[in-house]
Peer 1: 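Below are the structure tokens for one structure; questions will follow.
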Amino acid sequence: MHCEKKILNESTGAYVLRYTFEKSEEMQNVTKRPTVVICPGGGYVFCSAREADPVAFQYMAAGYNTFIVEYSTKEHAVFPNSLLDLCAAMKWIRENAEEFGVIEDQIAVLGFSAGGHLAASLGVYWNDGEIMERSGCKNGENKPNALILVYPVISTSWMENGGELARIIGDNDWESTYKKLNLHTAVTKDTPQTFLCHTVRDCAVPAKDSMKFATALMDAGVPCELHIFPNGGHGMSLATQQVCVNGGDKSFAKWVALSVDWLNRLFSDPEEANAPLEMAEYSSKF
């Protein structure tokens, strides 16, 4: 396994950590692999270690290259600084796809909580003119081919508690930035297919945030898969005893296998998987 740390922003300390497979003559049929880029949660204050390496190794066990983005946090997390970090990571990965053994059009971005907000931000703003210009990304260099959002922040409901919203908006225009931070309002047909999971008992970020994003995807004709589990709180990561402070939850822990299965299907037959979603016309009499 190759391990490498790449600094993304010297002034904020943001970096990306690469875990990729060694190329082997014994596995000549697997020279390039699909990839998962992980954005840990932490309220844009820190990046949770429980949602970094343990998660990366689960996806590596399933045959995926993994990258962990430790993006700008605290006072450096003024929008869109963290998003620009993620764009820089995506650009670096694609520029070195041959060396890293990465399939360029099979890169999923996974995010937890605030990291889910960051991943979803890339999903809706990867082709935004300002983001493209400030990140130096062009021709879809920063485009995620899929999103995996685990108890993600989608709206500003969480940020409006405790002053987080003011910290993230910073000196930006309040009205326009507030609107941009509510990601379900920015979903378009260009937003990638998405896997979402949440718990009903999440008291920090409501499950309705995942439902808002899923609804917006369906309205835009973008397929998605949504799992709402009955038990478990916020920040459960893999929901195992090793990484979950409250002992985990066997039901919620299934999200990892479910997401791997979803990704395998999405990347194995992209033409079928990327077919536009055709919603049924419902009669008004029901």
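Computation of the quantities below employed the complete heavy-atom set of this structure, encompassing side-chain atoms and omitting hydrogens, waters and symmetry-equivalent molecules. Position 1 is the first residue of the sequence; numbering continues from there. Bear in mind the structure is a predicted one, so any value in this text is a computation, not a measurement.
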Peer 1: For F79, which residues count as a ring-ring contact (aromatic ring centres under 6.0 Å, His included) partner, sequence neighbours excluded?
Peer 2: none
Peer 1: Which pair of heavy atoms, one from V260 and one from A62, lies closest together, and at what distance?
Peer 2: CG1-CB, 3.8 Å
Peer 1: Evaluate the criterion side-chain contact (heavy atoms from CB on, under 4.5 Å) for residue pair C197 and F252; output intermediate values, then yes/no.
Peer 2: CA-CA 9 Å; C197 62; F252 186 69; 4.2 Å; yes
Peer 1: Measure from the side-chain N and O atoms of R167 to the backbone N and O of E75, and report whether any donor-acceptor pair falls under 3.5 Å.
Peer 2: no
Peer 1: Check whether D249 reaches the backbone of A239 with its side chain - one donor and one acceptor, N or O, closer than 3.5 Å.
Peer 2: no
Peer 1: Search all heavy atoms of G101 against all heavy atoms of N65 and return the closest pair with its distance.
Peer 2: O-ND2, 2.9 Å
Peer 1: Under 3.5 Å, side chain of T194 to main-chain N/O of P192, donor-acceptor pair present?
Peer 2: yes
Peer 1: Determine whether V69 and L8 make a side-chain contact, defined as any pair of heavy atoms from C-beta on separated by less than 4.5 Å.
Peer 2: yes
Peer 1: Does the ring of F21 carry R33 above it, NZ/CZ under 6.0 angstrom from centre and within 45° of its axis?
Peer 2: yes
Peer 1: Taking the basic N atoms (NZ, or NE/NH1/NH2) and the acidic carboxylate oxygens, is any pair closer than 4.0 Å for K91 and E141?
Peer 2: yes
Peer 1: Just verifying a value: how many Å separate W92 CH2 and I7 CD1, rounded to the nearest 0.5 Å?
Peer 2: 10.5 Å
Peer 1: Are there over 12 heavy-atom neighbours, none belonging to M132, within less than 6.0 Å of that residue's CE?
Peer 2: yes
Peer 1: Check whether the ring centres of W255 and Y151 lie less than 6.0 Å apart, and answer yes or no.
Peer 2: no
Peer 1: Tell me if a side-chain donor or acceptor on Y125 pairs with a main-chain N or O of K180 at a distance below 3.5 Å.
Peer 2: yes
Peer 1: Run M1 and M60 through side-chain contact (heavy atoms from CB on, under 4.5 Å) and show every step you take.
Peer 2: CA-CA 10 Å; M1 180 177 70; M60 289 201 79; 3.6 Å; yes
Peer 1: Using a 3.5 Å distance criterion without hydrogens, assess whether the side chain of S82 forms a donor-acceptor pair with backbone atoms of S72.
Peer 2: yes
Peer 1: Can you measure from NZ (K179) to OG1 (T156) and round to the nearest 0.5 angstrom?
Peer 2: 13.0 Å
Peer 1: Using a distance-only test with no angle check, is there a side-chain donor-acceptor pair under 3.5 angstrom linking H234 and S113?
Peer 2: yes
Peer 1: Any idea how F67 and F100 line up, ring-wise: parallel (<30°), tilted (30 to 60°), or perpendicular (>60°)?
Peer 2: tilted
Peer 1: Classify the side-chain pair H76/T12 by whether it contains a donor and acceptor separated by less than 3.5 Å.
Peer 2: no
Peer 1: With sequence neighbours excluded, what pairs up with F46 under the ring-ring contact (aromatic ring centres under 6.0 Å, His included) test?
Peer 2: none
Peer 1: Mind checking side-chain contact (heavy atoms from CB on, under 4.5 Å) for A146 and listing every partner two or more places apart, or none if nothing turns up?
Peer 2: A108, W262, L263, L266, F267
Peer 1: Working note: L183 + H117, criterion side-chain contact (heavy atoms from CB on, under 4.5 Å); need CA distance, chi angles, decisive distance, verdict.
Peer 2: CA-CA 8 Å; L183 304 177; H117 185 270; 3.6 Å; yes
Peer 1: Verify whether one side chain among T20 and R18 offers a donor that lies under 3.5 Å from an acceptor in the other.
Peer 2: yes
Peer 1: Locate the shortest heavy-atom distance separating L147 from G123; write the atom from each residue and the value.
Peer 2: CD1-CA, 3.9 Å
Peer 1: Counting N and O atoms only, with roles assigned by atom type, does the side chain of N142 sit under 3.5 Å from a partner on the main chain of L122, one being a donor and the other an acceptor?
Peer 2: no
Peer 1: For T199 and G233, work out which heavy atoms get closest and say how close.
Peer 2: OG1-O, 3.6 Å
Peer 1: Please say which of T66, T35, D53 ends up in a side-chain hydrogen bond (donor to acceptor under 3.5 Å, both in side chains) with Y19.
Peer 2: D53
Peer 1: Any side-chain donor-acceptor pair under 3.5 Å between T185 and N182?
Peer 2: no
Peer 1: What do you reckon, is CG of D173 surrounded by more than 12 foreign heavy atoms closer than 6.0 Å?
Peer 2: yes
Peer 1: Can a donor-acceptor pair be found, under 3.5 Å and without considering hydrogens, that links the side chain of D202 to the backbone of V205?
Peer 2: yes
Peer 1: So which atom in R201 and which in P230 form the shortest heavy-atom distance, rounded to 0.1 Å?
Peer 2: NE-O, 3.2 Å
Peer 1: Looking only at heavy atoms, what is the nearest atom pair of E70 and P40, with distance?
Peer 2: OE2-CG, 4.5 Å
Peer 1: Is it the case that more than 12 heavy atoms not belonging to K143 sit under 6.0 Å from its NZ atom?
Peer 2: no
Peer 1: Name the orientation class of the two ring planes belonging to Y59 and Y64 (parallel below 30°, tilted from 30 to 60°, perpendicular beyond 60°).
Peer 2: perpendicular
Peer 1: Are side-chain heavy atoms of L238 and V55 found at a separation under 4.5 Å?
Peer 2: yes
Peer 1: Determine whether a donor-acceptor pair (N or O, by modelled atom type, separation under 3.5 Å) exists between the side chain of N172 and the backbone of I169.
Peer 2: yes
Peer 1: Tell me, with the steps shown, if L181 and T177 meet side-chain contact (heavy atoms from CB on, under 4.5 Å).
Peer 2: CA-CA 6 Å; L181 292 172; T177 307; 4.3 Å; yes
